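Throughout, residue positions are numbered sequentially from 1 according to the sequence presented. Fair warning: this is a prediction, and the values are worked out from it, not measured in the lab.
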Amino acid sequence: PNENQSGSKYHAKTKENIAKSKTQEWHNSIATELDDIADDDNIEKSRGTVQEVLGWLQEIYKYAIEKEYITTSPVSIATEKYKIYEKQAKTTRGAYSSSEVRKILDHVTTTNHKAKWPITLMCYTGCRNSELYRITKKDINLETKSIYIDGTKTAAAKRNIPLAKKLEENGFLDFIKDKDESTPILDGTVLEQQLNQIILEITEKLGIQETISKDGAAIEFRSFYSLRKSVRTYATYTGVSSDIIEVCLGHKISGSAMQ
């Protein structure tokens, strides 16, 4: 998408501008942006943007199929991936409690669950989903005990965060020991698209509710992304300053990124 164009950021491209070489590039770009939309705590806004982007993609892939650049449209997959937003239409995004997070971590550790490391990393880094799947071995600095997060949402999204002691205690260094320097460390675990379904299956098994009441009325919905919100909640509870929390989560503060 070209943010300098007038009108909607995701308005349809003219057919003259659509080329075979661009199809995959646009798909990858939009897929990443859809993931980062989830960082917006305003569910209604996020949901509307997702629907707008999916409509934009549908037009592009329809033309690509007509020109025989591709045979099937990934939009149906994307729609399935983001159907969670339909369930969130009148909810706010909630966090898991500290005790619930401990139950989840204990479960994936003791069962050596296939999603152990995506879930464990999310709990101890608070990354956005897409950022999590971009971490490589070279991003992990054992001297400074930090992880470089190559975020793309804003300038503040590129940041260094602490390498949690709990990650080391849980065998994280052994997990990455034989990984290629430039290959995402979560390659070969589970697909990013599967995480919401996986976390719902785990929480159901553990008796953790998918939705919770708040103040006797509003409903909060929990998903894999809620683990990121749990990091904020726990850090706030333990007295970490709000500025430090915002920097670690990749948010802007005072109109700019803290270095």
What is the minimum heavy-atom distance between [X] and [Y], and which atoms define it?
| X | Y | result |
| --- | --- | --- |
| T189 | K114 | CB-O, 4.0 Å |
| R159 | V247 | CD-O, 3.1 Å |
| C123 | V231 | O-CG2, 3.3 Å |
| N196 | Y225 | OD1-N, 4.3 Å |
| I245 | V240 | CD1-O, 3.6 Å |

Subject >> Electrostatic pair K103-E100, nearest N-O below 4.0 angstrom >> reply: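 Answer for the salt bridge query: no.
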**OP:** Mind checking ring pair (Phe, Tyr, Trp, His ring centres under 6.0 Å) for F172 and listing every partner two or more places apart, or none if nothing turns up?
**Re:**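 Scan of F172 (ring pair (Phe, Tyr, Trp, His ring centres under 6.0 Å), adjacent residues dropped) gives W117.
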Do the non-hydrogen side-chain atoms of [X] and [Y] ever get within less than 4.5 Å of each other?
| X | Y | result |
| --- | --- | --- |
| I199 | I104 | yes |
| Y234 | V101 | no |
| R222 | T203 | no |
| R232 | H251 | yes |
| D139 | I149 | no |
| I198 | H113 | yes |
| L142 | L173 | yes |
| L195 | N129 | no |

Original post:
So, does K137 use its side chain to make a donor-acceptor pair with the main chain of K177 at under 3.5 Å?
Top reply: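 At least one qualifying donor-acceptor pair exists.
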Subject >> Whether K158 side chain and D150 backbone form a donor-acceptor pair below 3.5 Å >> reply: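 No: the side chain of K158 does not pair with the backbone of D150.
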**OP:** Go through the structure and list residues passing side chain to side chain donor-acceptor pair (under 3.5 Å) with Q209, not counting sequence neighbours.
**Re:**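 Here no residue qualifies.
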Subject >> E204, CD: over 12 other non-hydrogen atoms inside 6.0 angstrom >> reply: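 At most 12 heavy atoms, drawn from other residues, nucleotides or ligands, come within 6.0 Å of this atom.
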